Amino acid sequence: MSTPLTPGTGDTGGQQPTSEPRGGQTSAEAAGSIRDRLRSPGPQSSGGDTRGSELTGADFQNTDSRQQLRDSGRDEGQHSEHHAPEPAELDQPRGNEPLDPAQARRSERKVASLFLLSVLGVVGFFGVFWFWPFTFGVEEGNPYYTPLLGLTMMIALFGIGAGAVVWAKELMVDEEAVQERHPFGSPADERTATVAAIQQGFQDSGLPRRKLLRNSLLLGAGSLAALPVPLLFTLGPYAHKERALEKTAWKKGVRLIRQNGTPVKMGDLQIGAVESVFPDVPRGTKIADSPALLIRMRPEVLTPLPGRDDWAVDGHIVYSSVCTHLGCPVKLYEQQTHNLLCPCHQSTFDAAEGALVKFGPASRPLPQLAISVDQDGYFIAQGDFNEPVGPSYWERKP
Amino acid sequence: MSTSRTSRLSNYAVLLLALTMVGGLYTAFGAPKSAATEQAPQSLSVEDGRRLYLQGCSTCHGLDLEGGAGGPSLVGVGASAVVFQVESGRMPLAFGTVQAPRKKVRYTTPEIDALAAYIQRNGGGPVLPTGSLTDGDLQEGGEMFRTNCASCHNAGGAGGALTYGKYAPSLKPASARVIYTAMQHGPESMPRFGDNQLSVEEKKAITRYVRYLMTAAQPGGNDLGRFGPVPEGLVVFLVGIGSLVVLTLWIGNRA
């Protein structure tokens, strides 16, 4: 690190440049640099940069032009490539001869009419936008408003684009120009200067001498590395201390409300009716894990699961409407078959018998909410669901 | 030669004149008669309803609405169910399937009303409210539709699949009376929405919203079956990108 890099030494190891760089050139390579070869016919002499000439001589095709660029300076070299092509060396360019004046006028008119077509498109766009708009609620309003806007906009853009293409193809001189690339590496003297500047800066900062600065910097960087450790505590079992996934907003005595906030009363639902219900707590209709479906069926068709004999009231039964497969809303109820269907993957639950799975990818029945009726006749929950709602997760106890 | 052609042409002209006159006379004198025959069913009686019932429905539903092997009892279904089933062409049923399909309507509106009146008088049940069915609050109707109906019938009313071959039908062909009575009596798989659950005003609002959804002008042109962004994206991709590719190839060939 203390040894500065110098041109001519280092990784090339004093290797001599190849004196016959064109021996292995293919015909394509030869064709690519034919002009350069005409200009500098002999094998090039190695300059100060042995690495550069080694690369250009053995590996790249544009050998001479690279050297030529380097010799003439980079920026000038780029511009120097825009010489007019010499007919003897390049393919005869197409369309280079002067245009027939009548033909040119015709092409000019064609381009101009395409540009004017674009103006027509813009005028049409304005016309549709202002004079023939779509009006909400009016059945006689323009039924093709959006497509017409798109069509007129397309005409406007197409006119400009097509005009430009025709202009370029018919009126402009078709010239084939070759622009060579310059070498990617910086010149050797720039590289040397950069390395020297970095080393000088390292010395100037005083880090090798000032032990206090160095040690305190190491300490600071080390404590910075410890910063993400607390974030790990938000993962895994520590995150579930509150058992949030096992609880919903339902509590003992909470009323069942509709989406508009009104509580559901005994007798509101006829047999064969369903109602989406939410817990009557603040923001109760917005809590994602609490929506449920209240179903009323004839009491005699209900077959309660063991231990759930008093969870339904006179044929009214409530299930979580979050699918146990992937959490879609299960609200498609068939009142004749008592099937509850999930629209996402067709999981089918038997609402008459504890929402057991009849079909589909769901593996567990929908959790059932035990309900009763308060003294005013409104439905209330007996408590929370007795199991986590929705899809399975790692820590879920089966 | 020329005279025979002229006479043939004049023959055609006379024939045309005669036909026009006959048509005009028929229109002039026949029209009041046909208007009168259309006036008559407006006052079909409950007795006419009984006759229609015995002819068209009693084979399956029984002579006294008691039902039978082929069809359920109609006691308690009310005029509402009759309007839904007959006006949507589902009844009379042609053959038994998992779900009665919508077919060509077999009865005129006065005949449907007479049938409904007969079944209402003898069986009882929910009836249609008086007044317009589509004068509810459009915005409220939209909210109620998305809450109560969209889970099965699709947010755009296009319908969707249920279990074992059953389906929620598209709401496109449904008249206002059919939409309202469907909520009222809950046909087949559909849950029913009684007046304590969705009030008359709320049901009217939903009816208005569904009719609006199906008849309102489409600002984007073709609605592609109202199935939402999936077919829209597909069409944009296939037609849009496809034509761009073809255009690009054409430009490339011309260049």
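In what follows, chains are A, B, ... by sequence order, proteins preceding strands, each numbered from 1. No experiment lies behind these values; they were computed from the predicted model shown.
- If you measure heavy-atom distances from A:Ile295 to chain B, you find no contacts under 4.5 Å at all.
- More than 12 heavy atoms of other shown residues, nucleotides or ligands fall within 6.0 angstrom of atom CD in A:Glu300.
- In terms of heavy-atom pairs under 4.5 angstrom with chain A, the leader among B:Ser189, B:Ser151, B:Gly160 is B:Ser189.
- Under the salt bridge (Lys or Arg N to Asp or Glu O under 4.0 Å) criterion, no residue pair touches residues 118-142 of chain B, with sequence neighbours excluded.
- Interface check for chain A: of the options B:Gly186, B:Ala161, B:Cys152, the most heavy-atom pairs under 4.5 Å are formed by B:Cys152.
- The closest side-chain heavy-atom distance from A:Glu275 to B:Asn148 is below 4.5 Å.
- The distance from the CD atom of A:Gln270 to the CD atom of B:Gln184 is 8.5 Å, given to the nearest 0.5 Å.
- When A:Thr146, A:Thr262, A:Val165 are compared by the number of non-hydrogen pairs under 4.5 Å with chain B, A:Thr146 comes out ahead.
- Residues of residues 345-361 of chain A placed with any heavy atom under 4.5 Å of a heavy atom in chain B are listed by number as A:Thr348, A:Lys358, A:Phe359.
- At a 4.5 Å heavy-atom cutoff, the contact between A:Lys331 and chain B is made by backbone and side-chain atoms alike.
- Around atom CZ of A:Arg298, no more than 12 heavy atoms belonging to other residues, nucleotides or ligands sit under 6.0 Å away.
- Looking at heavy atoms from C-beta onward, B:Tyr164 lies in side-chain contact with A:Asn339 at the 4.5 angstrom threshold.
- Heavy atoms only, all atoms of each residue included: A:Ala273 and B:Pro191 are closest at CA-CB, 4.3 Å.
- Note that CD of A:Glu334 is 13.0 Å distant from CE of B:Met190, once rounded to the nearest 0.5 Å.
- With a 4.5 Å cut-off on non-hydrogen atoms, A:Arg258 touches chain B through its side chain but not through its backbone.
- Heavy-atom distances place both the backbone and the side chain of A:Asp268 under 4.5 Å from chain B.
- Here A:Ile271 contributes atom CD1 and B:Arg192 contributes atom CZ; the two are 8.0 Å apart, rounded to the nearest 0.5 Å.
- Chain A is approached within less than 4.5 Å, heavy atom to heavy atom, by B:Lys166 from residues 165-177 of chain B, ordered by number.
- The contact list for residues 194-204 of chain B toward chain A, using heavy atoms and a distance under 4.5 Å, reads B:Gly194, B:Asn196, B:Gln197, B:Glu202 by residue number.
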